[in-house]
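This report concerns only the one structure given below.
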Amino acid sequence: MKFKKKILCIGAGYVGGPSMAMIAHKCPDCRVTIVDISHERIDAWNSAELPVYEPGLDEIVKKTRGKNLFFAKDIENQIKENDIIFVSVNTPTKMFGAGAGMAADLQYWEKTARQILKYSQSPKIVIEKSTLPVKTALTMERILSAAKGKFTFEVLSNPEFMAEGTAIKDLENPDRILIGSRETKTGLKARAELAGIYARWIPKEKIITSNIWSSELSKLVANAFLAQRVSSINSISALCEKADADITEVAKAVGMDSRIGSKFINAGIGFGGSCFKKDILNLVYLCNCYGLPEVANYWESIVKINEYQQERFITNILGTMFNTLAGKKICILGFAFKADTGDTRESPAIHITRRLLAEHAEVIISDPKALKNAAIDLAGEKGSIFYMQDPYRAASGCHALAILTDWNLYKKLDYKKIYKSMAKPAFLFDGRNVIDQNKCFEIGFNVYPIGKPALSHFKTKQDY
Ligand code: ADP
């Protein structure tokens, strides 16, 4: 079959895989190829067990793979053969040199730009899909302009706003698609070509365009705003615990104001995921570079509150369990950074587990999708760690349960059965406010929610 468009994506990760699978699914007349330097990742995408878990992803990949969706290893040839190239390689926080711990590490990004330059034999549209600091397109343009005279490259910014756990739903029905370009004749033409691909399944009014720097910056700002909502409600949860208010009631009352809205204001143990912290630190670094320390400090406080919230959770466990965890068994329910994903990058569970191990607790970790990643994250940690998929087996004999991920499954567990199997007094730390806390209290648990009064069977406040 002759395909109308030949599309390549460099980087077969959480962004590249699902977003390209959706394009292939919606545009059967386009050939979509995804390459990655990790051959292991490509093999996994070609196998029965995909490297990324997302509800609905398996079906789409299985429908299109081998027809118009291909996972390949020959990066050089694929760059030659395709006309539209998405770049979704990782841009982690830089851990060395200038900007260490803050700035984005652009080495993978720049290597990709140089590869595109080296192997291209015809004009290309190069699209930034990864989240990048504002003005990165300029670097890409400067590298690619070394090909001057032979043919041209047009660089676009098309950030991916999908959320992990709902990626397929978001890709199918996004709030918006943003395409930024240079406002030149060729820039606008490339912008229109990319818009034409999305217009195959997304209403035109949802496809918005902008100058390239606005587009790059919008992705960082969107993530910073989302994280800010989480830190805002979490900061108030600390106050609720002191003032005998209930964070769920406060969030409901506040969220019903249509100017504020009810989404993303659930208190918990803090945000995780590969993006929020990295993108805020990146924003902070940019603000400092542009001589805006007040703006930088404002955004940095969002990350600080996130760390504070995790610390509060640990301190509460320690204080509640009589200031010693040595030899006690703590069952962690949920290791993924959020429900419906196996992703554990920057998951609060990593830090919390390390802190529990430092107190010489025995940690038993249960999660429906993230145990493999949890074992990788905790490899090399000293202490007793056990991994058990079955939450009932994991909880058996434990002194405490700590719910760290908002998996729906944890709302439905038989807590009576779990309580019976645990050491007494049994503690339940609901780090996501997901369970029926009153019911668990009636069963016999001492229940410690986030941002609400504790439900304790001990007699006086000083006793717990
Ligand atoms: P994201 O969440 O942004 O998708 P991931 O880390 O899941 O990030 O995926 C990025 C992918 O990009 C990884 O699989 C990595 O191997 C790949 N990658 C990084 N550099 C290159 C490169 N130069 N060429 C091809 N693939 C690359």
Side-chain angles (χ1 to χ4, degrees), residues 7-23 32-47 50-54 57 61 70-80 82 85-95 104-120 124 126-133 136 139-140 143-144 157-168 170-171 216 219-220 222-223 271-279 281-282 336-338 341-347 369-370 372-373 376-377:
I7 300 170
L8 176 67
C9 177
I10 303 180
Y14 284 88
V15 172
S19 58
M20 291 304 119
M22 185 56 73
I23 292 181
V32 182
T33 308
I34 312 181
V35 290
D36 201 292
I37 34 170
S38 161
H39 289 187
E40 207 185 325
R41 250 206 175 161
I42 293 299
D43 288 338
W45 279 108
N46 280 324
S47 75
L50 304 183
V52 169
Y53 170 73
E54 276 292 338
L57 177 64
V61 170
F70 302 92
F71 296 92
K73 295 173 185 170
D74 55 336
I75 300 180
E76 181 180 331
N77 272 330
Q78 294 301 337
I79 290 175
K80 271 183 207 148
N82 288 281
I85 303 179
F86 287 90
V87 182
S88 67
V89 299
N90 36 335
T91 49
T93 301
K94 197 176 169 195
M95 298 315 284
D105 184 347
L106 296 175
Q107 59 170 310
Y108 308 102
W109 174 258
E110 189 175 326
K111 270 182 205 144
T112 311
R114 289 179 189 278
Q115 275 177 315
I116 295 173
L117 172 68
K118 189 169 171 195
Y119 300 124
S120 291
K124 316 267 177 212
V126 178
I127 305 158
E128 301 176 343
K129 249 274 165 252
S130 324
T131 304
L132 296 158
T136 305
T139 312
M140 180 66 102
I143 292 170
L144 295 179
S157 160
N158 171 219
E160 186 47 70
F161 291 105
M162 75 189 183
E164 279 181 46
T166 54
I168 298 305
D170 296 345
L171 288 165
E216 285 182 335
K219 171 69 197 198
L220 285 186
N223 276 347
F271 57 77
S274 72
C275 294
F276 284 3
K277 184 176 171 195
K278 165 176 83 92
D279 292 352
L281 292 178
N282 191 342
F337 82 93
K338 65 191 269 197
T341 176
D343 194 354
T344 59
R345 290 177 295 176
E346 295 292 337
S347 176
K369 293 286 175 193
K372 228 181 188 174
N373 282 334
I376 295 169
D377 296 329

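Heads up: numbering here begins at 1 and tracks the sequence. Numbering of ligands and ligand atoms starts at 1, following listing order. As the structure is a computational prediction, the values presented were derived from the model and not from experiment.
Considering backbone and side-chain N/O atoms, Tyr14 comes within less than 3.5 Å of an N/O atom of ligand 1. In terms of polar-atom proximity, Val89 is not counted as a contact of ligand 1, lacking any N or O under 3.5 Å from an N or O of the ligand. Close N/O approach between Asp36 and ligand 1 is found [any backbone or side-chain N/O within under 3.5 Å]. Backbone and side-chain nitrogen or oxygen atoms of Val15 are examined, and one is located within less than 3.5 angstrom of a nitrogen or oxygen of ligand 1.
Contact atoms of ligand 1 toward Gly13: 4 (O), 5 (P), 7 (O), 9 (O) (distance under 4.0 Å to a heavy atom of the residue). Remark: ligand 1 atoms within the under-4.0 Å shell around heavy atoms of Arg345 are 2 (O), 5 (P), 6 (O), 7 (O), 8 (O). Heavy-atom proximity to Gln115, at under 4.0 Å, picks out these atoms of ligand 1: 23 (N), 24 (N).
When the options Asn90, Ile10, Ile42 are ranked by their closest heavy atom to atom 19 (C) of ligand 1, first place goes to Asn90. In this structure, of Ile79, Ile75, Ile37, the residue bringing a heavy atom nearest to atom 18 (N) of ligand 1 is Ile37. Checking Thr112, Val52, Thr131, Ile34 against atom 23 (N) of ligand 1, the nearest heavy atom belongs to Thr112.
Seen from the ring of Tyr53, Lys369 counts as a face-on cation partner, given the 6.0 Å and 45° thresholds.
A salt bridge between Glu128 and Lys219 is absent, with no side-chain N of the basic residue lying under 4.0 Å from a carboxylate O of the acidic one.
At least one heavy atom of Ser88 sits less than 4.0 Å from an atom of ligand 1.
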Could you walk me through whether Lys278 and Thr131 pass the side chain to side chain donor-acceptor pair (under 3.5 Å) check?
-> CA-CA 10 Å; Lys278 165 176 83 92; Thr131 304; 5.1 Å; no

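Between Trp45 and Phe71, the two ring planes are parallel [angle under 30°; tilted spans 30° to 60°].
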